[in-house]
Amino acid sequence: MSSSDTPDTDVTEAEAVEVDELREGVVARLREVLGDGVVEHHIVPNCDVWIRIRPDAWQAAASSVRYTLGARQFGFLSAIDWQPSPWRRYMDSEVDKAVHGDEPKPLPEMTTGYAGGETRFQVFARVANIIEHWGVTLKVDAGDTDPAVDTWTKVYAGADWHERETWEMFGVRFEGHPFLRNIYLPSGFEGNPLRKDYPLLSRFTKPWPGIVDVEPMPGTDEEPSSEEGA
Amino acid sequence: MPELPTPKLPGSGLLKGLGVTMRTALETMFPDGLKNPVPQPTKGAATVQYPHEKETPANRSRGVIALHDENCTACMLCVRECPDWCIYIEAHKTLAPPRRAGGKPRAVNALDRFDIDYSLCMYCGICVEVCPFEALFWSPEYEYSELKIADLLHDKTRLVQWFDTVPEFEPYESGAEIKVKKVPPPPKKADQ
Amino acid sequence: MTAVSDRQKLAYLAGQAADARVNVELETEGMVLNIGPQHPATHGTLRIVARLDGEQVVQAEPIMGYMHRGYEKLTEVRTYAQITALINRIDWVGSFANEVPFILAAERLMGIEAPPRAQWIRTILFEMGRMANIILFLGDMGIQVGALTPMFYAFRDREFILNQIEAVTGGRFHPNFDRIGGLKDDLPKGWIEDSHTAMAKVREICDIMEDVLLGAEIFEARTRGVGVIPPDVAMQFGLSGANARASGIDWDLRRDTDVGLPYGQVDWKVWTHPDGDSFARYWVRLQETREASLIVDQLLDTIPSGPVMAKVPRIIKVPEGEAYVATENPLGEMGFYVVSKGDLNPFRVKIKTASFNNLSITPWLLRGVYVPDIITILGSLYFILGDLDR
Amino acid sequence: MTPLLALDPAYWQVTTLKGILALVVVPTTAAIIAFVFLFKFVSFMHNRLGPMEAGPHGSLQLLAEAGRFLQKEDLAPEQADKRIFRWAPIVVMVATFLIYVVIPAGPNAVIEDLPGGIYYVLAIASLSVLGILMAGWASANKYALLGALRAAGQLIAYELPMVLAVLGVVIQAGTINMQGIVAAQMGDGAEIFGLPIIGNPYILTQFVGMLIFITAIQAELSQTPFDMPVAESEIVGGYMVEYTGTRFLLFFLAEFSSAFAFAAIAATLFLGGWALPHAWGIPYGAMHVLGPFVLLAKTMAFALIIFWVRFTFPRLREDQLQKFAWKVLIPVALANIMLTAVLKVVF
């Protein structure tokens, strides 16, 4: 549902007309500073604004948002892995599917969220301007196989821990980060847990109790109906 | 902005602190003040001596899940909705007497096993809320700790025993227009 | 030779030698002190590796992750009702306050508005969660600084609020009472009047804390000028809640953002303090608790009648989209960034917790501080470990 | 000393009797203080009941505690210096026992009426620092090391104000013998503001000295405003952190019996110890029986202040504690001595 510059179309007519000048102004000021660094933006009227930045303008975006636009309050920084999870919800995963007997649904293809995005990994950060009472979510594409993005620690010192957490959870390298190391996970931990293809083992070890096994009526040769009142 | 603190004697803050602690000590020892100077701390203290006196929990407090097994039709909704996967149900089909005389006997699920593993349960109440046949109720009972963790797996008979401790229906505050979906169980003394 | 094998002895000596020669002229040897993960002052399992020169900290760094339960991974495989049951275990002291931002984010995605009575009760329980959380801090700050009695007064008077929360939701700490579109149930009879008495108790505990701790010169000596955070550094690290307001930042999400909680209909005041030291943080939180009890009193008097649940389909499928809603939780700004692809469970939920940002300032703040002040500063920043480790 | 009873025991019998008496008295006094203040008074201050299960109203709780400590395994850390580690609590316990030698509980109910009574007490009081340092250094634990160093700094810094506060009393009493001090306060000629009915307790004239003495005691016992050596929230038990079982019981007993000892000395110095004002005309013989109870009552008064302060106030940082000792207590104590000396000469 990536939208072009104008707010998405299926919004009712009245809302489309009502332009949120505060957030339009934010996008305009940022576009004026970064030029074509601002790739796309999406506004939910007087609610929130998302802006996608080109990867090489990411550090410049940080300093411009902080100094020129005055968004001094740092919120958070993290990443999203847009590839749909092969394990789906683990309940109807292959292990239990065999009991149910119908074949697994095909995997939905990858779509990205507001303000678009081409690659699988996307880093997003949120900063807020507490005088004019608005907050903005900046997004940047981090690449498919070996994601890497510039660091924000030079501008927002608080981003240090957030980048360390994103690095250990998603494997996104932050160029220029003082000392990228695990923050939550034990030092010898391999793999990036928050990636969608990282399995949640607790759901494999225990069979799903939701499978209905109701024995048939004694004496009748009715074979057990599998999907009984599912 | 904080108003300027009034200048005070250097030690007076400390003395006020002493005053508070001594006042609480005297209040605990002489709860009725000077009327009867006989110290009776048990009345003045705010604590409850648990094994001897017990505080009754609130009417809605989520102590243990009670099962009304006639209503349960083994539809497995609660098992699926439980975040911890800690409910296990097995049932078998039987012929139930027809509703109206002369009607065809109905095939109905009879419950064989209905276990709730309280060592996993996190008391979120989703099963009680999602059950469409009003078979699960909350009871504020809380004294069922065990020595062995395996005993925390309450089977059907134990859950039905909890059924008697389910409290009566509690009236709502004035101004609450809520559709009462949870009909309370029939009077407890009816024979099961 | 004692049982200590040579290898261990060499390791022991090597460990000592590894401590950098910190103070060259005094020929002192640095010492690495592990505060935690089993330590009474760290609100749970947080470990601080402090490199000391005598009693002064040269460099201190918190090590976390002992309590990491992987919430963001769990939310990907659970439905919205199951997630609500899970997330009131993040900040396990401010019980109801965790659920509200997540539910508001889901409601914004679904375009649903909770009926006014539900919003009122939501705000009342939100403020009660705040009071239960902050009163524990008021007592706990006493223990950090060495005074034993305030803790007992705090726990005695906090019971009244927990009883009120239990009477409505059924759970003292984990209410699991908020639903998309409203609340699970309505208030029991006589609840509003008991809440008024509970609020009077809250104001009483605030006065006691002002007499016993705030006024005591020793408390002032231990906390004034300790751990001073200038406003700009606080904002750079993303400090929020009372920690930011204690550095003079006049910013409160309850007043500045409109997320559907009726703070507009109540007249209340945002408290700030210019100093930014541990004393200011304690002072701001104390005033905020009293303010919260006044807010709840006003809300209790103006509860509208009506349903508590909007019309919501039985199986909830949140339409596709993204939403970030942050509210002023007891510990600071807690926000949920919910990305939904339109099926039963969210695609990705980023949980922005206050304690993570509040603690990220400690390496900068704890430089050159005495050992007892580490505990005072950590106490005044007031984090809950579940909130920190998620 | 007029022979109390008909029999005249040999010297060694007297000393063994006194030894047994001390072995009995010290733990019971520690038990009284621990029960009345640590279990009951603190709980009332917290609006709760304290231990209620062991014995009527929790009175036998201390037996349960002692039993618990005795049956615990007696551990020592692997890299600890075993011998010093084992002797440390005994040194601290001995230092506390020795203080009891001089405290008079009756006309001749004192273990050894040394001529240099109060001077002896001040000397012995600094012995416990050795035990604490031994405990901290030998248990090879960083927290214990920190606790011991803090204890050393603190106890030495607070001995000076204690000595100077006592000097004020000694100047006014004119003697350093404990019985002499008691007699000076409650003897026949003692009266103040012209009314002999209340004798001349030095608490009135030496009020500033008493305050300094109480603060110094609070620091000697490492109680809360000055409890850095055992700061639970920072260094988790300080020098006692590695001790378990009987050794920890020794530390526990030492802590509370020294609390009683110092409170008793404060009572003797400032409230006239075991004696009641001469003007009340209580026959001299009766004081043999009444003395200990009067001393117990006065000691309980001072112990109340000590524990009341202990459970209400937060804790100071060590640099503030040292500044407070050197910059405030010692100058005030010196001024107090000068004033007493001048007044002594004038009157």
Side-chain angles (χ1 to χ4, degrees), chain B residues 1-2 5 8-25 28 45-48 55 57-63 77 80-85 121-130 132 138-140 167 169-182, chain C residues 74 78-79 81-86 88-89 117 147 149 152-153 156-157 159 163-164 166-172 174 176-177 179 184-192 208 210-220 248 271-275 280 283-284 287 303-309:
Chain B
M1 294 309 286
K8 55 181 168 56
L9 222 60
S12 68
L14 297 171
L15 294 180
K16 223 184 325 165
L18 287 174
V20 169
T21 36
M22 187 46 87
R23 184 161 35 85
T24 326
T28 321
T47 50
V48 166
E55 262 183 356
N59 210 319
R60 281 187 195 168
S61 110
R62 304 197 291 262
L77 259 178
R80 290 208 182 90
E81 281 298 316
C82 172
D84 292 351
W85 292 2
C121 171
M122 62 175 182
Y123 298 93
C124 57
I126 289 180
C127 54
V128 174
E129 207 182 316
V130 90
W138 275 112
S139 125
F169 177 72
E170 197 193 21
Y172 284 110
E173 187 67 81
S174 59
E177 290 136 15
I178 186 163
K179 176 168 64 52
V180 175
K181 33 191 196 327
K182 272 294 171 194
Chain C
L74 290 179
R78 278 180 168 61
T79 66
Q82 288 170 344
I83 295 177
T84 334
L86 259 181
N88 51 39
R89 282 155 168 77
R117 185 178 177 87
T149 20
F152 288 94
Y153 299 151
R156 174 193 62 188
D157 287 342
E159 281 307 309
N163 291 344
Q164 286 310 102
E166 186 182 13
V168 172
T169 63
R172 290 160 57 91
H174 303 305
N176 187 18
F177 190 65
R179 295 293 178 268
K184 173 180 163 193
D185 216 336
D186 208 316
L187 305 176
K189 184 160 248 351
W191 189 81
I192 289 186
I208 289 179
E210 232 158 39
D211 293 347
V212 174
L213 265 184
L214 212 56
E217 276 73 12
I218 298 181
F219 182 78
E220 273 180 48
W271 291 88
T272 57
H273 195 286
D275 297 353
W283 185 85
V284 165
Q287 310 307 332
I303 278 197
S305 59
V308 273
M309 193 60 180

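What you see below is based on every heavy atom in this structure, not just the backbone, and it leaves out hydrogens, waters and symmetry mates. Keep in mind the model is a prediction, meaning the values are calculated, not measured. Each chain gets a letter, A, B and so on, in the order its sequence line appears, and its residues count up from 1.
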For B:P57 and C:E166, which heavy atoms make the closest approach, and how far apart are they?
-> CB-OE2, 4.3 Å
Minimum heavy-atom distance between B:E81 and C:T79, given as atom pair plus value = OE1-OG1, 4.1 Å
Atom group of C:Y153 that falls short of 4.5 Å from chain B, counting heavy atoms = side chain
Residue pair C:D185 / B:R60, side-chain heavy-atom distance below 4.5 Å = yes
Residues C:A85 and B:M122: closest non-hydrogen pair is CB-CE, 3.8 Å
Please state whether the side chain, the backbone, both or neither of C:V168 comes within less than 4.5 Å of a heavy atom of chain B.
-> both
With chain C, which of B:L14, B:V20, B:V130 has the greatest number of heavy-atom pairs at distances under 4.5 Å?
-> B:L14
Please lay out, stage by stage, how C:I303 and B:E173 fare under the test side chain to side chain contact (heavy atoms under 4.5 Å, CB included).
-> CA-CA 11 Å; C:I303 278 197; B:E173 187 67 81; over 6 Å; no
CG (C:D211) and CG (B:L18) are apart, to the nearest 0.5 Å, by 11.5 Å
With side chains defined as the heavy atoms from C-beta onward, is the minimum distance between B:C124 and C:H174 less than 4.5 Å?
-> no
Side chain, backbone, both or neither of C:R172 within contact of chain B (heavy atoms, under 4.5 Å) | neither
Give the C-alpha distance, both sets of side-chain angles, the deciding distance and a yes or no for side chain to side chain contact (heavy atoms under 4.5 Å, CB included) between B:E129 and C:K184.
-> CA-CA 9 Å; B:E129 207 182 316; C:K184 173 180 163 193; 3.7 Å; yes
Would you mind checking which part of C:Q287 comes under 4.5 Å of any heavy atom in chain B, side chain (CB onward), backbone (N, CA, C, O), both or neither?
-> neither
CZ of C:R78 to CD1 of B:I126, rounded to nearest 0.5 Å, is 9.5 Å
